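Note on naming: letters A, B, ... go to the chains in the order of the sequence lines (proteins, then strands), and numbering restarts at 1 for each one. Just so it is clear, the structure is predicted and the values come from calculations on it, not from any experiment.
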Amino acid sequence: MLVDYSFLSDFKPFKKSPAQERYKKSYLLGVVLLLVTTIVLFILQFVLAPQPPVLLIRESYLALSAAKEAKADEYAPETYRQAAESWENLLLYWRSENKKWRVSRDYVELAKLALQTKTLCEEAKKKSQYQQDSLRSRINIAAALLRQKVSEYKAEYGNLPVEKSALRRMSECELLLREGEQAAARGRYHHALQCISQAENKLNGIPHEVDQLLTSYLRQLPTWRRWVEETLNWSRENDKEVIIVNKLARKLQVYRNGVLLHEFSVEFGRNWLGAKRYRGDGATPEGKYHILRKKGRKETRYYLALEIDYPNESDREAFELAKRNGEISADAHIGGLIEIHGEGGRGVNWTEGCVALKNSDMEKLYNLVDEGTPVTIVGSLNGYKK
Amino acid sequence: MFKKSLVAVLGILVIAVAFTGCAKAPQALVDSTKAALDAAKAAEADRYVPAEFKAAQDSLNAALAEIETQNAKFALMRSYKKAQASLEAATAKANEAAAKVAEAKEAVKNEVVQKQAELAAAIEEANKLFKKAPRGKESREVLTAIKADIEAVVASQPDIQATFDSGDYLTARDKVNAALAKIKGVTDELNQAIAKKNR
């Protein structure tokens, strides 16, 4: 059986309507435009979007690190604080700008902040280095001056029987100086300076203590001057030798007819500042005395000696009064055997209350005076340092 | 055919956005790093191990700058891996600094304890030598000064202990070293005086 396909010749394929055609074209055009716009916008973002000043920002945080390394937080705290704050502001600003659409971001202000941070960091670093150098020099100078002051005090007041507290102050001052130097060596300049300042305060109190001691001692100056005047008058009237011993000046002078013949350096008892009060107090008496006895080479172990008539009447009265007032022990003895003798020249006050001279000086003195020669011992004639 | 291609491109874009566009700044890590640094500072890392503490701080600053550098980029191109690595390094350094503080403090503390014992022994030695020192009349003033030195060192001991007890081991170390140097000077002086006497 044959099939008739002749109807196929009449078949017309499906054809879109013109409206459908237009719609398809518009759709495609839209998609292409969207893609093109997206691509253009994407490209524009790269072309037009401003770039953050990354290198400058990197430099600023490296500068912050360098400032910290230079201990700017400790030695230039205000500038370092400003620098650190500027860095925080930079990060905040950058973050807020980054939240905006790329094209509308503004990094000019960010660059300014980065530059400001960098400048502040560099300034903080410089200031810190300068401050450390300056502190180091200040500490070195202050320590050297203090050391010098301590040695001057020791030389100046070394011959004064200063209170133990003054000696202790000097030791404490030296201890603080050492501590300050230790701290400075480890770069802890603030602590070092604190130690130096404490040491200065300790040392500054010493002259005050010494002044108090001397002021009280020198109240007797008019009496001493009167004694010396009387002794010199006696010398003039009798055309004889007299001996004047000045404790603060550490001098023994020989006058004849009121005229100075010789002057010798002398040493005293360890507690020479003040009158002798009892046996064993290490003090050299003050008063008007006379040579009681001349002792030759075989009569003394101190080369030659001139024994004086301590205690005199005035010493006895003062001793009894002090005993009655309970100022000294009831068992105390007034003592005696005070001499002007040789074996001196040791540079320290070492006797038990005697006056010591170098042997050569002692020999001269021994030959100048006789038994009965007046010996006047005073604390000072011109006050201290005059 | 065209439709299929279009769908494929869009699909790839969506997947790309899903995988790369979601890169977020490691804020939690930033916070934990800052906390680690605060803890190190509280433990006095900046005093006892300043170099280590500074290294941690530097890493944090570098990481913060890196995060913003990435934030400034197009979302699809951001990568916080470098910042993350810096933050992890900063945290590790901060923790290491905090751990080292304990070590460093312990070392200084032990040094002070040891030197305090040395100081006590040196004072005892100085006192023994002081008793043996020549007692001549001329040495009396020198001995008084030496006694004052010994007394000053003895008086510094409670101050050293108080500084030590307050936890300021660095200052305590300076104080004990100064006292030791002073007492050793005194001991030398006394030894010389005794040797001179025995000659």
Taking atom NZ of K100(A) as the centre, report whether more than 12 heavy atoms of other residues, nucleotides or ligands fall under 6.0 Å from it.
yes
Atom group of R102(A) that falls short of 4.5 Å from chain B, counting heavy atoms
side chain
Please find the pair of heavy atoms, one from W87(A) and one from A65(B), that lie closest to each other, and give the distance.
CH2-CB, 4.2 Å
Could you walk me through whether R47(B) and R188(A) pass the side chain to side chain contact (heavy atoms under 4.5 Å, CB included) check?
CA-CA 10 Å; R47(B) 253 190 110 195; R188(A) 301 174 66 223; 3.6 Å; yes
Which answer fits I57(A), side chain, backbone, both or neither, if we ask what part of it has an atom under 4.5 Å from a heavy atom of chain B?
side chain
Could you measure the distance from the CE atom of M170(A) to the CG atom of D149(B)? Nearest 0.5 Å is fine.
10.5 Å
Heavy-atom closest pair, residues S171(A) and K182(B):
O-CE, 4.1 Å
Which heavy atom of A178(B) sits nearest to which heavy atom of Q182(A), and what is that distance?
N-NE2, 4.2 Å
Between A62(B) and chain A, with a heavy-atom cut-off of 4.5 Å, which part of the residue counts as in contact: side chain, backbone, both or neither?
both
Nearest 0.5 Å, what's the CG-CZ distance between N98(A) and R78(B)?
7.0 Å
Contact winner vs chain B - E74(A), E97(A), E174(A), R95(A), heavy-atom pairs under 4.5 Å:
R95(A)
Where does K175(B) contact chain A at under 4.5 Å (heavy atoms): side chain, backbone, both or neither?
both
Heavy-atom pairs under 4.5 Å with chain A, option from I67(B), L170(B), V153(B), I150(B) with the top count
L170(B)
Minimal non-hydrogen separation, A72(B) against P52(A), with atom names:
CB-CG, 3.7 Å
Please state whether the side chain, the backbone, both or neither of E69(A) comes within less than 4.5 Å of a heavy atom of chain B.
both
NZ of K41(B): more than 12 outside heavy atoms within 6.0 angstrom?
no
Taking all non-hydrogen atoms of both residues, which atom of R105(A) and which atom of K73(B) are closest, and how far apart?
NH1-N, 4.5 Å
Which is it for E179(A) and T171(B) under the side chain to side chain contact (heavy atoms under 4.5 Å, CB included) test, yes or no, and what are the steps along the way?
CA-CA 9 Å; E179(A) 187 185 334; T171(B) 305; 4.2 Å; yes
Exceeds 12 heavy-atom contacts within 6.0 angstrom, atom NZ of K358(A)
no
Evaluate whether atom NZ of K125(A) has more than 12 neighbouring non-hydrogen atoms of other residues, nucleotides or ligands under 6.0 angstrom away.
no
Taking atom CZ as the centre, does F74(B) end up with more than 12 heavy-atom neighbours from other residues, nucleotides or ligands that are less than 6.0 angstrom away?
yes
So which residue, H191(A), R186(A), K99(A), E267(A), ends up with the most heavy-atom pairs under 4.5 Å with chain B?
R186(A)
Does any backbone or side-chain atom of L64(A) lie under 4.5 Å from a heavy atom of chain B? Answer side chain, backbone, both or neither.
side chain
Spacing of CG belonging to D58(B) relative to CG belonging to L62(A), to within rounding of 0.5 Å:
8.0 Å
Would you mind telling me which of L176(A), D73(A), L175(A) has the largest number of heavy-atom pairs within less than 4.5 Å of chain B?
L175(A)
Cut-off 4.5 Å, heavy atoms of chain A, and the answer for Q57(B) is side chain
